[in-house]
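Structure, as structure tokens:
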Amino acid sequence: MNNSLSAKQRMAIPRAEMPTIDPKVRCGNFDEVNLGLSMVQAVKEARRCLQCKGRDCVAGCPVQVSIPEFLNALAAGDLPRAAQILLNDSALPAICGRVCPQETQCEALCVRAKKGEAVAVGHLERFVADWAMAHPEQVGMEKAKFSSSKKVAIIGCGPAGLTAAGELARWGPEVTIFEALHETGGVLRYGIPEFRLPKAIIDAEVARLKELGVIIECNVIIGRTLSLEQLREQFDAVFIGNGAGLPVMLNMAGENLKGVYSANEYLTRVNLMGAGRDPSSPTPIIRGRQVAVIGAGNTAMDCVRTARRLGAERAMIVYRRSEAEMPARQEEIEHAKEEGIELVTLTQPLSIRGNEQNWVAGLHCQVMTLGDADESGRRRPTPVAGETFELAADVVINALGTRPNPLLTATQPDLLLDEWGNICADENCVTSLPGVFAGGDIVRGGATVILAMGDGKKAAKAIDRYLWGLDQPSAMASR
Amino acid sequence: MFKVIENQLLAPHLHRLVIEAPRIASARQAGQFVIVRSGDGGERIPLTIGDANRSRGSITLFIQAIGAGTRKIAETEPGSYIQDIAGPWGQPTHLEKWGRVACVGGGVGTAVLFPLVRALHEAGNQVTSVIGGRSRDFIILEEELARFSAKVVVATEDGSYGRQGFVTLELAEMLEDPLRCPDAVFAVGPVPMMKAVCEQTRPAGIPTIVSLNPIMIDGTGMCGGCRVQIGGQAKFACVDGPEFDGHLVDFASLIDRLSMYKDHECRLVS
């Protein structure tokens with residue numbers, strides 16, 4: 001294929017549109033909303049990349065994918081090479097291509113975004129990763145050429161742990177992941193719904209890591225089944241990526257009424273246990289007719305869109321600021337609106353009302369207005385005196401966020417934590433304990449999949465150096 | 001995968017399973033539980049670890065086969081495998097040498113009580129076990145409890161075995177009698193029973209510990225579905241419990257939340 005286009009010709013190509021399932025159809029099922037680009041669309045889109053010298057997009061990527069290089073191979077129609085480059089840089093590209101907020105990372109820094117639209121890096125990453133999954137025989141597996149006698153334990157089978165495992169496994173050590181739940185994937189599986197990230201994609205990415213020799217042990221809780229000390233004795237290094245698995249409570253009247261869920265509970269029931277979407281699932285879920293989700297991040301959007309698919313006539317986001325300040329990805333907000341999700345903005349719930357049988361009946365709400373910008377740069381919401389109203393709802397979902405889970409950290413008093421209970425780790429994921437590294441939400445608090453993956457990748461590098469005695473045992477401890 | 005070594009029927013629908021789980025057997029302490037899943041698509045079911053044998057690397061579970069999920073687990077034959085067992089979850093029982101301790105068990109709650117009785121006995125307490133059930137068929141673990149109790153009292157609602165009536169009857173008499181009055185009470189069973197026991201011991205301020213069984217999914221503290229109100233504060237039974245100071249438990253809220261999926265369960269069982 002001809003890839004020798006002039007900059008002007010490249011500039012003339014319009015950005016590819018991601019085809020999606022019709023909103024009316026998809027509200028009735030859990031199929032993936034984004035259908036993926038066609039080969040013709042993908043190659044054309046890759047040709048929009050100017051191959052600029054700056055490579056700012058790479059700097060915007062937490063795992064530093066060689067974006068211009070894989071786009072160049074794709075633009076030339078060389079899929080095996082594009083896949084090879086991508087897989088070399090990212091352990092989970094099919095997942096990143098679906099859930100990364102590219103618009104604030106690689107694509108935000110794309111030189112083309114200055115005048116017009118960025119190259120659709122995310123869509124192309126997904127395209128190449130899916131192609132690689134469908135054509136394993138054309139993508140050479142990068143197994144370690146030599147195995148070392150070193151052993152690494154990884155705690156948590158979510159994005160941070162899987163990435164660290166994928167990196168390390170290619171360099172020789174024996175890698176074992178310990179997962180507390182009965183399934184792999186962590187938040188990718190229990191948190192992100194099928195319509196955004198099909199479980200089959202997680203299965204395929206996990207299978208690829210197993211091919212590389214990664215051992216995964218489910219049903220093992222470090223801090224309970226085995227102690228961190230036991231792991232430190234049995235392994236040469238340990239990476240903690242066990243996430244921020246504790247819901248922030250609403251702390252408002254009515255929180256214990258029937259029909260009030262935390263986002264984690266609601267999503268775990270549906271995503272992990274199959275409630276409401278798999279007729280044979282024994283796990284129940286309350287299907288509300290009027291569902292109010294408190295919060296406006298990606299998790300809130302996942303909840304409200306799930307509620308819609310479970311049959312809610314009114315599925316609502318209740319948020320104290322306006323749509324412009326919503327922390328969710330733009331794509332999620334757009335998809336939600338297409339699906340008839342109502343955005344009840346400038347609204348602060350004050351309490352949850354119940355009926356005589358203690359079922360949720362609605363939210364008692366305060367009307368808000370936006371004042372000056374706060375330290376986060378977003379305009380601060382303030383109550384409008386005397387303006388309250390009732391919002392009818394039979395299910396209320398709290399999607400305000402998560403805190404670090406103390407299950408492991410509480411058992412290890414010499415592991416340094418910050419004031420919120422997150423593990424203190426430096427830029428190389430080094431903790432206060434020699435040979436123990438940490439990354440993802442247990443260090444950052446509630447953040448994103450890609451930042452967790454970035455940590456996993458950095459940690460893998462640091463662990464590899466540590467295993468060969470190339471670094472001081474612990475940078476944190478020496479401070 | 002976890003191999004079932006023994007499976008014994010103790011009472012109608014009540015099985016005693018001995019399972020190979022060496023890591024859990026050596027980590028577990030009295031009062032803790034595991035989450036069991038029979039296979040793909042199965043529920044995550046919390047079950048108290050009844051006993052453990054470290055040298056053999058096995059744990060004992062008592063399972064009442066009442067729903068689809070528990071039935072599948074309970075009917076695993078020796079030599080076959082259970083797909084998922086995770087734990088030990090929850091806080092271990094707070095053990096102290098109180099002196100005289102009454103352990104009150106109702107129905108299948110007696111199975112949860114068994115490891116507590118053993119641990120309390122080993123901590124130097126003089127334990128009186130008071131166990132009850134609908135009829136003789138529902139009285140379980142009487143012999144096992146006798147090994148660690150100074151006395152075992154049985155009460156059946158229909159009077160078919162032991163004394164007739166509820167376990168609270170016997171406890172009331174113990175509380176009245178200065179020579180038998182317990183220094184601490186442990187109660188495990190149906191919520192109304194635990195509530196009644198707490199009301200009996202409240203006036204004299206006798207420390208009373210109950211083991212709660214709210215609806216639970218992951219066991220890690222991740223979902224908060226098992227939240228209970230303890231002294232006006234939300235606690236998660238999976239990580240903060242399952243044992244709590246009975247005098248601080250909001251039983252009304254617990255009963256209410258337990259009824260959340262009542263219709264659903266009826267549909268599955270039938």
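We name chains A, B, ... by the order of the sequence lines, and we start the count at 1 in each one. Just so you know, these numbers use all the heavy atoms, side chains as well, and skip hydrogens, waters and symmetry mates.
Side chains of A:Arg189 and A:Thr184: a donor-acceptor N/O pair is present below 3.5 angstrom, by distance only. The closest side-chain donor-acceptor pair between B:Ser58 and B:Glu20, if any, does not fall under 3.5 angstrom. A side-chain N or O of B:Gln83 and one of B:Asp40 form a donor-acceptor pair less than 3.5 Å apart. Under the 3.5 Å distance criterion, with hydrogens and angles disregarded, a donor-acceptor pair is assigned to the side chains of A:Glu229 and A:Gln412. Checked by atom type, the side-chain pair B:His15/B:Thr76 shows no donor-acceptor distance below 3.5 Å.
Interface summary for chain A: among B:Gln229, B:Arg28, B:Gln32, B:Arg37, the most heavy-atom pairs under 4.5 angstrom belong to B:Arg37. With chain A as the partner, the residue from B:Ala234, B:Gly219, B:Gly42, B:Gly221 showing the most heavy-atom pairs under 4.5 Å is B:Gly221. Counting heavy-atom pairs closer than 4.5 Å to chain B, the top residue among A:Leu267, A:Leu407, A:Leu272 is A:Leu407. Options B:Ile217, B:Asp218, B:Ile24 differ in how many heavy-atom pairs under 4.5 Å they form with chain A, and the most are formed by B:Ile217. Each of B:Gly87, B:Gly69, B:Gly41, B:Ala27 has some count of heavy-atom pairs under 4.5 Å with chain A, and the biggest count is that of B:Gly87. Looking only at heavy-atom pairs under 4.5 Å with chain B, the residue among A:Asn358, A:Leu246, A:Asn256 that has the most is A:Asn256.
When heavy atoms are compared at a cutoff of 4.5 Å, A:Glu217 approaches chain B solely by way of its side chain, counted from C-beta outward. Interface remark: A:Thr225 contributes backbone and side-chain atoms alike to the contact with chain B (heavy atom separation under 4.5 Å). The parts of A:Glu255 that come within reach of chain B are both its backbone and its side chain, each placing non-hydrogen atoms under 4.5 angstrom from that chain. Only the side chain of A:Tyr190 comes within contact range of chain B, with heavy atoms under 4.5 Å apart.
In this structure, NZ on A:Lys199 lies 4.5 Å from CG on A:Asn271, to the nearest 0.5 angstrom.
Contact check on A:Lys258 versus B:Asp256 returns a salt bridge, with a Lys/Arg side-chain nitrogen under 4.0 Å from an Asp/Glu carboxylate oxygen.
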